[in-house]
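Keep in mind that what you see is a predicted model, and the values were worked out from it rather than measured. Nothing fancy with the numbering, it's 1 onward along the sequence.
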Amino acid sequence: MKDIKLYYDKDCPFCSKYATFLKLKENHKLTIYNARDNKELMNDFYKKGFDINRGFIILIDDLVLIQGSDALAYLDNIAKNRLFIFRSSKLMFFIYPIFKFLRKIILFLLRKDTNIIS
């Protein structure tokens, strides 16, 4: 059983819906964190080359960090509820930048800060 920590932007409707969609708890220990409530840790991740503003970050067994489309592909691969668009890493390579762009637009319209890291 893997210990998976998912860091996401709770203010982003897309991110929030996906985080609640995941059904991993039966086979894995999944803990979901709002990145906005963990800014110090997000700054530590940033120093290691992982910017939460570029997408989800997952920490596996407190050793492995994965971000963005790779994180979504990993989660979808082990999830009980799989989404068709996340099954292909090649497809995700093209779609994920669109998701990031839409996140910025939605957060702007909701008058939320698009930059989580201080």
Beyond-backbone contact of Phe45 with Ile52, side-chain heavy atoms, under 4.5 angstrom: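 In short, these two side chains do not touch, never coming nearer than 4.5 Å.
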Member of Asn34, Leu41, Ile58 meeting the side chain to side chain contact (heavy atoms under 4.5 Å, CB included) criterion with Tyr7: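 Running side chain to side chain contact (heavy atoms under 4.5 Å, CB included) over Asn34, Leu41, Ile58 with Tyr7 returns exactly one hit, Leu41.
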Taking every non-hydrogen atom, the tightest pair across [X] and [Y]:
| X | Y | result |
| --- | --- | --- |
| Asp62 | Asp3 | OD2-OD2, 4.2 Å |
| Asp9 | Arg36 | OD1-NE, 2.5 Å |
| Gln67 | Gly49 | OE1-O, 4.4 Å |
| Ala71 | Ile66 | N-CG2, 3.3 Å |

CA sep, side-chain torsions, deciding dist, call: Ile4, Leu75, side chain to side chain contact (heavy atoms under 4.5 Å, CB included): CA-CA 9 Å; Ile4 301 170; Leu75 291 172; 4.2 Å; yes
Which value, rounded to the nearest 0.5 Å, describes the distance between [X] atom [atom1] and [Y] atom [atom2]?
| X | Y | atom1 | atom2 | answer |
| --- | --- | --- | --- | --- |
| Ile106 | Lys112 | CD1 | NZ | 13.0 Å |
| Lys5 | Ile60 | NZ | CD1 | 12.0 Å |
| Asp44 | Met42 | CG | CE | 8.5 Å |
| Lys2 | Leu59 | NZ | CG | 12.0 Å |

Group every Ile, Leu, Val, Met, Phe, Trp and Tyr by side-chain heavy-atom contacts under 4.5 Å, then state whether [X] and [Y] land in the same group.
| X | Y | answer |
| --- | --- | --- |
| Val64 | Tyr74 | yes |
| Leu30 | Phe56 | yes |
| Ile98 | Ile105 | no |

Quick one: do Ile57 and Leu65 satisfy side chain to side chain contact (heavy atoms under 4.5 Å, CB included)? Show the steps, please. CA-CA 7 Å; Ile57 296 175; Leu65 284 167; 3.8 Å; yes
Considering residues, nucleotides and ligands other than Tyr46, do more than 12 of their heavy atoms fall under 6.0 Å from its OH?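 No - once you tally the heavy atoms of other residues, nucleotides and ligands closer than 6.0 Å, there are 12 at most.
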